[in-house]
Amino acid sequence: DAKTTQPPSMDCAEGRAANLPCNHSTISGNEYVYWYRQIHSQGPQYIIHGLKNNETNEMASLIITEDRKSSTLILPHATLRDTAVYYCIAPYTGNQFYFGTGTSLTVIP
Amino acid sequence: GAGVSQSPSNKVTEKGKDVELRCDPISGHTALYWYRQSLGQGLEFLIYFQGNSAPDKSGLPSDRFSAERTGGSVSTLTIQRTQQEDSAVYLCASSPDRLMGEKLFFGSGTQLSVL
(Lines give C-alpha, C1' and ligand atoms only; values in the text may rest on other atoms or scores of the structure.)
Protein backbone atom coordinates (compact mmCIF):
# COMPACT_ATOMS: atom_id res chain seq x y z
CA ASP A 1 0.00 0.00 0.00
CA ALA A 2 0.98 3.55 -0.53
CA LYS A 3 1.82 5.01 2.87
CA THR A 4 -0.32 7.97 3.90
CA THR A 5 0.64 10.60 6.43
CA GLN A 6 -1.88 12.81 8.21
CA PRO A 7 -1.62 15.25 11.11
CA PRO A 8 -2.89 13.60 14.29
CA SER A 9 -5.31 16.38 15.17
CA MET A 10 -6.82 19.64 13.94
CA ASP A 11 -9.33 22.21 15.15
CA CYS A 12 -11.78 24.18 13.04
CA ALA A 13 -14.28 26.89 13.94
CA GLU A 14 -17.90 26.07 13.28
CA GLY A 15 -19.06 27.45 9.95
CA ARG A 16 -15.56 27.74 8.56
CA ALA A 17 -13.97 25.46 6.00
CA ALA A 18 -12.02 22.51 7.36
CA ASN A 19 -9.02 21.57 5.22
CA LEU A 20 -7.55 18.18 6.08
CA PRO A 21 -4.23 17.34 4.41
CA CYS A 22 -2.83 13.96 3.48
CA ASN A 23 0.54 13.03 2.04
CA HIS A 24 0.78 9.93 -0.14
CA SER A 25 4.11 10.44 -1.88
CA THR A 26 4.52 6.74 -2.80
CA ILE A 27 1.17 6.43 -4.52
CA SER A 28 1.16 4.64 -7.87
CA GLY A 29 -0.58 5.79 -11.00
CA ASN A 30 -3.61 3.56 -10.65
CA GLU A 31 -4.26 3.94 -6.91
CA TYR A 32 -7.28 5.91 -5.83
CA VAL A 33 -7.28 8.10 -2.75
CA TYR A 34 -10.19 7.44 -0.38
CA TRP A 35 -11.43 9.43 2.58
CA TYR A 36 -13.53 8.00 5.39
CA ARG A 37 -14.53 9.39 8.72
CA GLN A 38 -15.43 7.79 12.02
CA ILE A 39 -17.67 9.51 14.48
CA HIS A 40 -17.27 8.31 18.04
CA SER A 41 -18.65 4.83 18.67
CA GLN A 42 -19.73 4.31 15.06
CA GLY A 43 -18.30 2.39 12.12
CA PRO A 44 -16.34 4.43 9.54
CA GLN A 45 -18.33 6.24 6.87
CA TYR A 46 -17.27 6.72 3.27
CA ILE A 47 -16.85 10.38 2.28
CA ILE A 48 -15.26 10.65 -1.15
CA HIS A 49 -12.58 9.21 -3.41
CA GLY A 50 -10.59 10.33 -6.44
CA LEU A 51 -7.81 9.38 -8.84
CA LYS A 52 -6.50 12.46 -10.61
CA ASN A 53 -9.21 15.04 -10.90
CA ASN A 54 -10.71 17.06 -8.10
CA GLU A 55 -13.97 15.63 -6.86
CA THR A 56 -16.99 17.10 -5.09
CA ASN A 57 -20.06 15.54 -3.59
CA GLU A 58 -22.69 16.52 -1.07
CA MET A 59 -20.33 15.88 1.83
CA ALA A 60 -17.00 17.29 0.78
CA SER A 61 -14.50 18.23 -1.90
CA LEU A 62 -11.26 16.43 -2.64
CA ILE A 63 -8.33 18.30 -4.11
CA ILE A 64 -5.50 16.12 -5.46
CA THR A 65 -2.22 17.73 -6.47
CA GLU A 66 -1.07 17.32 -10.04
CA ASP A 67 1.78 15.00 -9.02
CA ARG A 68 -0.73 13.04 -6.87
CA LYS A 69 1.64 13.05 -3.91
CA SER A 70 -0.83 14.79 -1.65
CA SER A 71 -4.49 15.63 -1.32
CA THR A 72 -6.76 17.81 0.78
CA LEU A 73 -10.24 17.01 1.99
CA ILE A 74 -12.37 20.12 2.31
CA LEU A 75 -15.49 20.37 4.43
CA PRO A 76 -16.79 23.72 3.19
CA HIS A 77 -18.87 24.72 6.22
CA ALA A 78 -17.91 22.62 9.21
CA THR A 79 -20.58 21.84 11.78
CA LEU A 80 -20.30 20.32 15.23
CA ARG A 81 -21.47 17.01 13.74
CA ASP A 82 -18.33 16.92 11.59
CA THR A 83 -16.21 16.30 14.69
CA ALA A 84 -14.69 12.90 13.92
CA VAL A 85 -11.53 11.03 12.99
CA TYR A 86 -10.81 11.39 9.26
CA TYR A 87 -8.88 8.65 7.46
CA CYS A 88 -7.01 9.06 4.18
CA ILE A 89 -6.38 5.73 2.44
CA ALA A 90 -4.49 4.85 -0.72
CA PRO A 91 -4.82 1.08 -1.17
CA TYR A 92 -2.69 -0.69 -3.72
CA THR A 93 -4.61 -2.25 -6.57
CA GLY A 94 -5.78 -5.70 -5.58
CA ASN A 95 -4.85 -5.12 -1.96
CA GLN A 96 -6.91 -4.26 1.05
CA PHE A 97 -8.07 -1.08 2.71
CA TYR A 98 -5.60 -0.27 5.47
CA PHE A 99 -6.69 2.45 7.86
CA GLY A 100 -4.02 4.38 9.74
CA THR A 101 -4.70 6.52 12.79
CA GLY A 102 -6.18 9.43 10.82
CA THR A 103 -6.73 13.04 11.82
CA SER A 104 -8.93 13.82 14.78
CA LEU A 105 -10.93 16.91 13.76
CA THR A 106 -12.62 18.96 16.45
CA VAL A 107 -15.13 21.56 15.33
CA ILE A 108 -15.30 24.34 17.88
CA PRO A 109 -18.51 26.31 18.47
CA GLY B 1 -32.49 -0.87 2.44
CA ALA B 2 -30.76 -2.69 5.27
CA GLY B 3 -27.15 -1.90 5.97
CA VAL B 4 -24.43 -4.14 7.35
CA SER B 5 -25.70 -5.84 10.49
CA GLN B 6 -23.47 -7.19 13.24
CA SER B 7 -24.41 -9.25 16.26
CA PRO B 8 -24.16 -9.19 19.15
CA SER B 9 -23.59 -5.48 19.65
CA ASN B 10 -21.88 -6.21 22.96
CA LYS B 11 -20.26 -9.38 24.23
CA VAL B 12 -18.71 -9.95 27.63
CA THR B 13 -16.82 -13.18 28.11
CA GLU B 14 -14.36 -14.78 30.46
CA LYS B 15 -10.76 -15.35 29.59
CA GLY B 16 -10.29 -18.71 27.90
CA LYS B 17 -13.79 -18.96 26.46
CA ASP B 18 -14.57 -19.05 22.73
CA VAL B 19 -16.70 -16.37 21.06
CA GLU B 20 -18.44 -16.05 17.71
CA LEU B 21 -19.20 -12.73 16.10
CA ARG B 22 -21.63 -12.50 13.22
CA CYS B 23 -21.80 -10.18 10.22
CA ASP B 24 -24.69 -9.89 7.76
CA PRO B 25 -23.43 -7.87 4.77
CA ILE B 26 -25.56 -5.84 2.42
CA SER B 27 -27.37 -8.15 0.01
CA GLY B 28 -25.45 -8.60 -3.22
CA HIS B 29 -22.14 -7.34 -1.88
CA THR B 30 -19.38 -9.73 -2.87
CA ALA B 31 -16.57 -8.36 -0.72
CA LEU B 32 -16.50 -8.59 3.07
CA TYR B 33 -13.90 -7.32 5.52
CA TRP B 34 -13.27 -7.74 9.22
CA TYR B 35 -11.39 -5.12 11.23
CA ARG B 36 -10.51 -4.74 14.89
CA GLN B 37 -10.28 -1.44 16.72
CA SER B 38 -8.82 -1.21 20.18
CA LEU B 39 -9.70 1.76 22.39
CA GLY B 40 -8.26 4.96 20.98
CA GLN B 41 -6.55 3.18 18.11
CA GLY B 42 -7.03 2.99 14.36
CA LEU B 43 -8.59 0.09 12.48
CA GLU B 44 -6.56 -3.10 12.23
CA PHE B 45 -7.28 -5.25 9.18
CA LEU B 46 -8.05 -8.88 10.01
CA ILE B 47 -9.43 -10.76 7.00
CA TYR B 48 -11.00 -10.18 3.59
CA PHE B 49 -13.41 -12.30 1.54
CA GLN B 50 -14.09 -11.77 -2.15
CA GLY B 51 -16.69 -13.95 -3.81
CA ASN B 52 -15.55 -17.57 -4.03
CA SER B 53 -11.85 -16.75 -3.88
CA ALA B 54 -9.65 -17.90 -1.02
CA PRO B 55 -9.82 -15.32 1.77
CA ASP B 56 -6.92 -13.03 2.60
CA LYS B 57 -6.12 -13.98 6.18
CA SER B 58 -2.93 -11.98 6.41
CA GLY B 59 -4.23 -9.73 9.19
CA LEU B 60 -5.32 -12.41 11.65
CA PRO B 61 -3.16 -11.90 14.77
CA SER B 62 -2.91 -15.54 15.82
CA ASP B 63 -4.24 -19.02 15.09
CA ARG B 64 -6.89 -18.44 17.76
CA PHE B 65 -8.67 -16.26 15.20
CA SER B 66 -10.60 -17.70 12.27
CA ALA B 67 -13.42 -16.60 10.02
CA GLU B 68 -15.69 -18.12 7.47
CA ARG B 69 -18.25 -16.88 5.05
CA THR B 70 -21.07 -19.21 4.14
CA GLY B 71 -22.79 -19.02 0.79
CA GLY B 72 -21.03 -15.80 -0.06
CA SER B 73 -23.15 -13.93 2.46
CA VAL B 74 -23.08 -14.18 6.25
CA SER B 75 -19.67 -14.26 7.92
CA THR B 76 -18.65 -15.46 11.36
CA LEU B 77 -15.46 -14.44 13.14
CA THR B 78 -14.43 -16.93 15.82
CA ILE B 79 -11.96 -16.25 18.58
CA GLN B 80 -10.86 -19.29 20.56
CA ARG B 81 -9.47 -19.21 24.10
CA THR B 82 -10.02 -15.47 24.37
CA GLN B 83 -7.42 -13.30 26.05
CA GLN B 84 -7.80 -9.89 27.65
CA GLU B 85 -5.88 -8.28 24.80
CA ASP B 86 -8.65 -9.45 22.44
CA SER B 87 -10.94 -6.83 23.99
CA ALA B 88 -11.83 -4.40 21.21
CA VAL B 89 -14.57 -3.37 18.79
CA TYR B 90 -14.80 -5.79 15.89
CA LEU B 91 -16.06 -4.12 12.73
CA CYS B 92 -17.38 -5.74 9.58
CA ALA B 93 -17.66 -4.02 6.22
CA SER B 94 -18.97 -5.06 2.83
CA SER B 95 -18.63 -3.62 -0.65
CA PRO B 96 -20.25 -4.32 -3.99
CA ASP B 97 -17.18 -5.44 -5.88
CA ARG B 98 -13.39 -5.26 -6.03
CA LEU B 99 -13.43 -2.90 -8.95
CA MET B 100 -11.59 0.37 -8.54
CA GLY B 101 -13.63 3.03 -6.85
CA GLU B 102 -15.56 0.74 -4.50
CA LYS B 103 -16.89 1.96 -1.19
CA LEU B 104 -16.92 0.07 2.07
CA PHE B 105 -20.09 0.04 4.13
CA PHE B 106 -19.48 -0.63 7.80
CA GLY B 107 -21.63 -2.14 10.49
CA SER B 108 -21.83 -0.67 13.98
CA GLY B 109 -19.45 -3.28 15.36
CA THR B 110 -19.36 -5.75 18.22
CA GLN B 111 -17.81 -4.52 21.45
CA LEU B 112 -15.96 -7.49 22.92
CA SER B 113 -14.86 -7.39 26.53
CA VAL B 114 -12.74 -10.23 27.90
CA LEU B 115 -12.63 -10.31 31.68
Side-chain angles (χ1 to χ4, degrees), chain A residues 1-9 22 27-53 55 57-60 62 64 68 71 73 84-106, chain B residues 2-7 9-10 21 23-26 29 31-51 53-60 67 88-113:
Chain A
D1 292 322
K3 177 180 172 59
T4 62
T5 306
Q6 299 177 254
S9 63
C22 179
I27 197 169
S28 66
N30 57 357
E31 285 183 297
Y32 281 72
V33 177
Y34 293 80
W35 283 83
Y36 284 74
R37 74 179 181 184
Q38 186 174 26
I39 296 171
H40 181 63
S41 300
Q42 299 181 19
Q45 175 191 25
Y46 166 84
I47 302 173
I48 199 167
H49 73 279
L51 184 62
K52 295 180 181 178
N53 301 319
E55 302 288 344
N57 64 20
E58 66 278 4
M59 291 183 70
L62 175 61
I64 303 174
R68 301 211 327 120
S71 61
L73 179 75
V85 177
Y86 287 78
Y87 298 97
C88 169
I89 304 160
Y92 181 74
T93 305
N95 211 323
Q96 318 314 327
F97 281 69
Y98 286 92
F99 289 74
T101 53
T103 296
S104 178
L105 174 69
T106 301
Chain B
V4 177
S5 177
Q6 292 188 244
S7 60
S9 56
N10 283 282
L21 312 179
C23 173
D24 284 87
I26 294 172
H29 281 195
L32 186 147
Y33 301 76
W34 282 99
Y35 291 86
R36 175 171 75 173
Q37 187 170 34
S38 300
L39 187 63
Q41 303 299 310
L43 278 73
E44 175 188 4
F45 167 77
L46 297 177
I47 190 169
Y48 159 70
F49 296 89
Q50 173 57 55
S53 302
D56 179 345
K57 305 179 182 180
S58 59
L60 294 179
V89 176
Y90 289 80
L91 290 159
C92 175
S94 70
S95 68
D97 207 330
R98 271 304 286 158
L99 297 175
M100 296 298 290
E102 66 173 322
K103 308 174 191 178
L104 270 63
F105 295 82
F106 281 83
S108 297
T110 294
Q111 172 72 63
L112 175 66
S113 300

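Sequence lines set the chain letters: A, B, ... in the order given, protein chains first and strands last, and positions in each chain run from 1.
In this structure, B:Leu91 and A:Pro44 approach most closely via the heavy-atom pair CD1-CD, 4.0 Å. Scanning all heavy atoms of the two residues, the minimum distance from A:Tyr46 to B:Leu104 falls at CB-O, 4.3 Å.
Neither the backbone nor the side chain of B:Gln111 comes within less than 4.5 Å of any heavy atom in chain A. Using a 4.5 Å cut-off between heavy atoms, B:Tyr35 touches chain A through its side chain atoms alone.
Distance check: B:Phe106 CZ to A:Gln38 CD gives 8.0 Å after rounding to the nearest 0.5 Å.
In this structure, A:Ile47 and B:Lys103 have side chains that are not in contact, with every pair of non-hydrogen atoms separated by 4.5 Å or more.
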